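Single-structure report; data block below.
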Amino acid sequence: MIKHKIIVSLISIAFLFFITYGVYSAEYNLQIDKKLLANDYQLYQQVEDTVKNNTEMTDNWRITGVDLEAESEYPIRIRLSIDKGSDLVRFSINEQFSISHVLSQNKNLEFEQYRNVVEIATNGVQSLTIYYEETLGTSFFPITSNVIYLPAESNWYPQYKNLKQYTVDSIGNFHSNVETNSCKRNEIVFGQSNYSWQGNNPNCLSIIKGPYERLEIHDTDLVIYQPFTTKRSNYVELKEHLLVVQNELCQLFYSSKDKLNCSVDPHSIVITPKSIGTDAFSLYDSTTHNGQYTFYVNPFLDVNDRPVTTHLMELSTFLIPYRLLEDEKLSILVSQYLNEKLDIETTGYINWVRDSSSITSEEWDDFSGLSIGDKEKILKHMFSEPRSGG
């Protein structure tokens, strides 16, 4: 009887523990979700009401250290060296990340942060440390103990350029308008909650931890959101396709082959879900620079019948030209040309892009009815004309 009572007591205690833990976990996750959504809503209001800011950044500073501790009171700390005699520095960071304080030799420096522009009164100091406020980030770029997604193109550390990170389109959809930094290599730190770097300005530094798989395909580093994983052969096919699209662009626009990076092989590919607060498709669903590719994919994409790589092969025929050519209309027509020439089975993505563009149905039908050779002539002529940037 005593043994029976002890066993029953132990089972009851264990049951209560699991119930309590389950309730705590659910409440904790709910708090995180509420905070993320609140941050996204606040960011939406800022972007919708934003006024174009032409404030010039300064180049009298260098990043000498980066410290990331996801569960710290100050999860991101950036160390800067300052040119001798400088009275202030000004840089831009992603407006989702607020600065708590700035220290130099244990003394607080005055600073102002207006959305994505930060100005610090340095008063001649030669080094300082920037402390970010404790934050979960947002559903775009989260920082928690279990999930960290800080791609270099999110501008989570100081930048010399004032980049417009987000946009609200005419329909009211919210987009992350990521723009890659000019760098030769993207260093991807994978699976670490704590990370430190020191040197003289980081290259492209991306920190990723969470439900991702990492693998290497023929000297190409891939990081894939787990629900999007597929057979290795599909990633090989995707890499080859990206090379084909790049080479086709280089042959089509030979006069600009240096800008198109014709000699650069894909050396990193990141496939990650988009924020649930954004449109299913967007003009900003990809970045590419110097062989670094990032694809932002609808998290509810059906990948049962067709792997995610098949979708990306179609999307890349528009997204790569759009990022490289900086012209929406030309990119849409190039995509139609590539889909036909490469015999890509479309799922309607390019039609969605076209419907939301300035291309008329008559222009589209006229171009679609041309032969491949005539399409090439039209595209080359359009490329040689002065363009407004789409």
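Small disclaimer: the values here were computed from a predicted structure and weren't measured.
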Heavy-atom closest pair, residues [X] and [Y]:
X    : Y    : result
Y296 : S286 : CD1-N, 4.4 Å
S206 : A152 : OG-N, 2.9 Å
V147 : P211 : CG2-CD, 4.2 Å
S316 : V245 : O-CG1, 4.2 Å
L338 : T317 : CD1-O, 3.8 Å
Y293 : P266 : CE1-CB, 3.7 Å

When you compare the side chains of [X] and [Y], does any donor N or O come within less than 3.5 Å of an acceptor on the partner?
X    : Y    : answer
N123 : D87  : no
D67  : S196 : yes
S81  : T64  : no
Q113 : S98  : no
T58  : N60  : yes
T272 : Y212 : yes

Would a 4.5 Å heavy-atom cut-off, applied to side chains only, mark [X] and [Y] as touching?
X    : Y    : answer
I143 : I76  : yes
L342 : E248 : yes
W364 : I350 : yes
E119 : T55  : no
L301 : V308 : yes
S72  : R77  : yes
D285 : F295 : no

Residue pair E376, K341: steps toward the salt bridge (charged side-chain N to carboxylate O under 4.0 Å, His left out) verdict: CA-CA 11 Å; E376 289 182 3; K341 186 172 184 180; 3.7 Å; yes

Candidate list L68, V189, I208, test side chain to side chain contact (heavy atoms under 4.5 Å, CB included), partner I148, passing option: L68

ILVMFWY cluster, Y131 and L109 together (side-chain gap under 4.5 Å): no

Expected output: side-chain [X] to main-chain [Y] donor-acceptor under 3.5 Å:
X    : Y    : answer
E240 : E237 : no
S371 : D374 : yes
N234 : T230 : no
Y322 : L330 : no
S331 : D327 : yes

With a 6.0 Å cut-off on the ring centroids, do [X] and [Y] count as close?
X    : Y    : value
H101 : F111 : no
W156 : F141 : no
F253 : F383 : yes

Contact list for residues 206-231, test salt bridge (charged side-chain N to carboxylate O under 4.0 Å, His left out), sequence neighbours left out: R214-D221

